[in-house]
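Convention: sequence-line order gives letters A, B, ...; per-chain numbering from 1. Small disclaimer: the values here were computed from a predicted structure and weren't measured.
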Amino acid sequence: MLDLRFIRENPDLVRKAIQDKGDKADLDRLLALDVTRREIIGAVENARAQQNKVTQQIAEMKKARQDATAVIAEMRGLSDQIRSLDDKLKGVEEEIYQIQIRIPNIPHESVPVGDPSHNQVVRQWGEIPRKGFKPLPHYDIADRLGLVDFGRAARMSGASFVSYRGLGARLERALINFMIDLHVSKHGYTEVSPPFVTKRDAMFGTGQLPKLEEDMYYIPGDDLFLIPTAEVPVTNLHREEILEGEELPLLYTAYTPCFRREAGTYGKETRGMVRIHQFDKVEMVKFVKPEGSYDELEKLLANAEEVLQLLKLPYRILCLATGDLSFAAAKCYDIEVWAEGMEKWLEVSSCSNFADFQARRANIRYRAFKGAKPEYVHTLNGSGLALPRTVIAIMENYQTAEGAIIVPEVLRPYMGVEVIR
RNA sequence: GGAGAGGUGCCGGAGUGGCUGAACGGGGCGGCCUGCUAAGCCGUUGUAGGGGGUAACCCCUACCCAGGGUUCGAAUCCCUGCCUCUCCGCCA
């Protein structure tokens with residue numbers, strides 16, 4: 001969320017951001033309402049000042065045992081007037097708020113402007129393997145080796161759910177442990193294991209609500225949402241808090257399942273497990289001081305890249321254009337891994353800097369030094385990594401002509417085997 | 001799920017309708033003093049919104065978990081929600 005005063009003082013900047021992101025928040029309406037708002041505030045506060053003065057008089061009259069009924073009767077009119085002004089103000093502020101919370105974050109100046117075709121490939125790592133045979137897509141390999149059960153999962157939960165099995169399940173677990181261990185012991189993150197459901201407030205804080213309500217699983221009886229990413233519970237760890245400057249940056253990593261309804265995406269990549277309703281992910285979340293947040297983004301990206309480097313999976317980095325940036329992000333890099341069987345780049349990570357956008361929504365602040373005025377922190381997060389597509393890449397890139405899968409070296413201690421056959 | 005208690009400033013903790021933006025204590029900050037010294041004394045110490053001033057700053061309004069209500073007037077009374085604690089039940 002952007003600050004109202006900032007919007008008022010930088011309307012052109014905000015308008016450009018809305019345009020560049022392909023959003024359609026009604027900025028002009030907001031600016032007009034803002035003027036009205038301040039007019040009403042002037043009136044209502046004058047009336048209140050008057051009311052306070054007379055109230056004081058009544059108290060004094062009562063103390064002096066004087067009759068105050070006439071004054072009290074007069075005050076009734078003023079009280080009604082205040083009430084009606086208040087109602088009007090509330091209406092205006094509510095409308096302002098509804099627009100304000102739908103205004104997207106402003107892209108950083110380094111972000112390419114335009115639709116997704118303007119996404120920039122920043123770099124590529126690793127060689128795309130050229131096998132001497134026709135590589136199979138992961139669903140065929142997984143099916144043949146009994147690693148993933150598509151049919152039974154669909155029977156109990158519906159389409160686009162999967163159930164891992166045997167060494168498939170083990171591979172999933174191995175990857176989670178490998179990633180968390182890496183981020184904790186080498187990159188300095190603290191492991192957390194947060195709730196997998198959260199309240200509306202938390203979803204609002206990270207920007208999932210109000211725009212993405214349709215994309216989330218919802219539990220009406222308890223007004224809870226299943227998390228679509230660990231970003232939500234982990235970022236909300238510090239909601240409504242004032243952190244100390246010296247404890248920043250705070251780095252967290254968490255494994256959670258992620259639940260996404262993927263409403264409206266049926267027909268897209270439905271085969272296999274490129275897009276499923278429940279998937280595992282290891283996430284990294286940072287709370288940092290504003291001045292260093294873009295450096296922190298580069299480090300975050302490097303931390304995610306290292307997972308793929310250690311797994312020896314080729315990937316490329318995209319700097320997303322404004323039109324592809326999410327609502328809350330100021331800048332975002334996507335990491336896409338090469339999947340040899342599908343012959344496709346698959347997104348396995350998004351590393352974003354949200355600047356103070358989430359912090360303002362979730363009210364996460366810090367004091368630069370003792371006694372300093374609290375300021376909003378900057379929040380960042382990135383997948384490190386999403387599991388199913390990483391699994392896909394391993395299955396497809398490490399497959400042999402005989403239909404087996406070589407286990408990447410770094411995973412062997414976690415897997416206990418060198419080859420899945 | 002049932003029964004009860006409670007949510008006040010940086011912290012502890014008063015306050016049951018007007019004199020309370022909030023006693024008292026602690027902490028922080030500033031100053032003073034000082035051979036009883038990890039002591040004493042004095043002062044100060046929230047946030048947001050609106051308006052005014054070149055500015056240091058000043059004025060007004062709001063905020064005692066949140067949202068409603070009663071009232072001329074609410075931290076104080078009523079309702080709802082959220083959260084915490086205790087006991088019982090159930091349970092991985």
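Pairing of B/C91, defined by two Watson-Crick or G-U wobble distances under 3.5 Å, is not identified with any nucleotide. For B/G4, the paired nucleotide is B/C85, the pair qualifying as Watson-Crick or G-U wobble because both relevant distances are below 3.5 Å. Pair assignment for B/U54 gives none, since no Watson-Crick or G-U wobble pairing has each distance under 3.5 Å. Remark: B/C41 base-pairs with B/G31. Criterion, Watson-Crick or G-U wobble with two distances under 3.5 Å. Searching all strands for a Watson-Crick or G-U wobble partner of B/C10 with both distances below 3.5 Å returns B/G26. Across all strands shown, B/U71 has no partner, as no Watson-Crick or G-U wobble contact with both distances under 3.5 Å is found. The nucleotide B/A62 finds its pairing partner in B/U47, both defining distances of the Watson-Crick or G-U wobble pair being shorter than 3.5 Å.
The closest side-chain donor-acceptor pair between A/Glu231 and A/Thr206, if any, does not fall under 3.5 angstrom. No hydrogens or angles considered: nothing links the side chains of A/Tyr252 and A/Glu283 as a donor-acceptor pair under 3.5 Å. Counted by atom type alone, A/Tyr315 and A/Gln309 present one or more donor-acceptor pairs between their side chains at under 3.5 Å.
Of the listed nucleotides (B/C72, B/C19, B/G50), B/C72 has the atom at the smallest distance from the side chain of A/Thr55. In the set B/C72, B/G49, B/G51, B/C72 carries the atom at the smallest distance from any side-chain atom of A/Lys62. Which of B/G68, B/U71, B/G49 sits closest to the side chain of A/Arg83 comes down to B/U71. Here B/C72 is the nucleotide among B/C72, B/G49, B/G51 with the atom lying nearest to any side-chain atom of A/Arg76.
Using a 4.0 Å heavy-atom distance criterion, A/Ile58 is classed as a base contact. Nucleic acid contact class of A/Arg8 (heavy atoms, under 4.0 Å, all strands): sugar-phosphate only.
Residue A/Arg367 contributes atom CZ, which lies 16 Å from atom P of B/U45 at whole-angstrom precision. What separates CG of A/Asp86 from P of B/G67 is a distance of 13 Å, to the nearest Å. Rounded to whole Å, the distance from CD1 on A/Ile41 to P on B/A48 is 15 Å. One can place CD of A/Glu93 at 9 Å from C1' of B/G49, the figure rounded to the nearest angstrom. Taking atom CG of residue A/Asn363 and atom P of nucleotide B/A48, one finds them 10 Å apart after rounding to whole Å. Rounded to whole angstrom, the span from the CE atom of A/Met75 across to the C1' atom of B/U71 amounts to 11 Å. Following rounding to the nearest Å, A/Arg365 (CZ) and B/A48 (C1') show an atom-to-atom distance of 10 Å. The CD-P distance, from A/Gln56 to B/G21, rounds to 9 Å in whole Å.
The side chain of A/Arg200 contributes no N or O atom lying less than 4.0 Å from OP1 or OP2 of B/A66. For B/G68, the OP1/OP2 oxygens have a side-chain nitrogen or oxygen of A/Lys90 closer than 4.0 Å. OP1 or OP2 of B/U71 has not a single side-chain nitrogen or oxygen of A/Ser79 nearer than 4.0 Å.
To the nearest whole angstrom, the two P atoms, one in B/G28 and one in B/G89, are 47 Å apart. Using atom C1' as the reference point in both B/G81 and B/C41, the two lie 49 Å apart (nearest Å). B/A39 and B/C33 have their C1' atoms separated by 11 Å, with the value rounded to a whole Å. Comparing B/G67 with B/G9, their P atoms sit 15 Å apart, to the nearest whole Å. Straight-line distance between the P atoms of B/G50 and B/U45: roughly 24 Å, to the nearest whole Å. Look at the C1' atom in both B/U16 and B/G31: the space between them is 41 Å, to the nearest Å. B/G17 sits 8 Å from B/C77 when the P atoms are compared, rounded to a whole Å. For the P atoms, the distance from B/G51 to B/G43 is 37 Å, rounded to whole Å.
Position along RNA chain B of the nearest nucleotide to A/Asp34 versus A/Asp222 favours A/Asp222 as the more 5'-ward residue.
Between A/Phe196 and A/Phe259, a ring centre-to-centre spacing not shorter than 6.0 Å is recorded.
Within a 6.0 Å sphere centred on CZ of A/Arg152, heavy atoms belonging to other residues, nucleotides or ligands number 12 at most. Around atom CD of A/Glu247, more than 12 heavy atoms belonging to other residues, nucleotides or ligands sit under 6.0 Å away. Enclosure of atom CD in A/Glu240 by more than 12 non-hydrogen atoms of other residues, nucleotides or ligands within 6.0 angstrom is indicated.
Relative to the six-membered ring of A/Phe204, A/Arg361 meets both conditions, a distance below 6.0 Å and an angle of at most 45° to the axis.
Ring-plane geometry between A/Phe161 and A/His277 is classed as tilted, the angle between the planes lying from 30 to 60 degrees on a 0 to 90 degree scale. The aromatic rings of A/His187 and A/His183 sit tilted, their planes meeting at an angle between 30° and 60°.
Side-chain contact between A/Asp20 and A/Ile106: absent, with no pair of heavy atoms (C-beta onward) separated by less than 4.5 Å.
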Report summary line: In 5'-to-3' order, the base (B), backbone-only (S) or no-contact (-) status of each nucleotide in nucleotides 74-83 of chain B, using a 4.0 angstrom heavy-atom cut-off, is --------SS

Query - Contact pattern, 5' to 3', of nucleotides 58-64 of chain B - B, S or - by protein heavy atom under 4.0 Å - result: --BBS--

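Checking side-chain atoms of A/Arg102 against main-chain N and O of A/Lys211 turns up no donor-acceptor pair under 3.5 Å.
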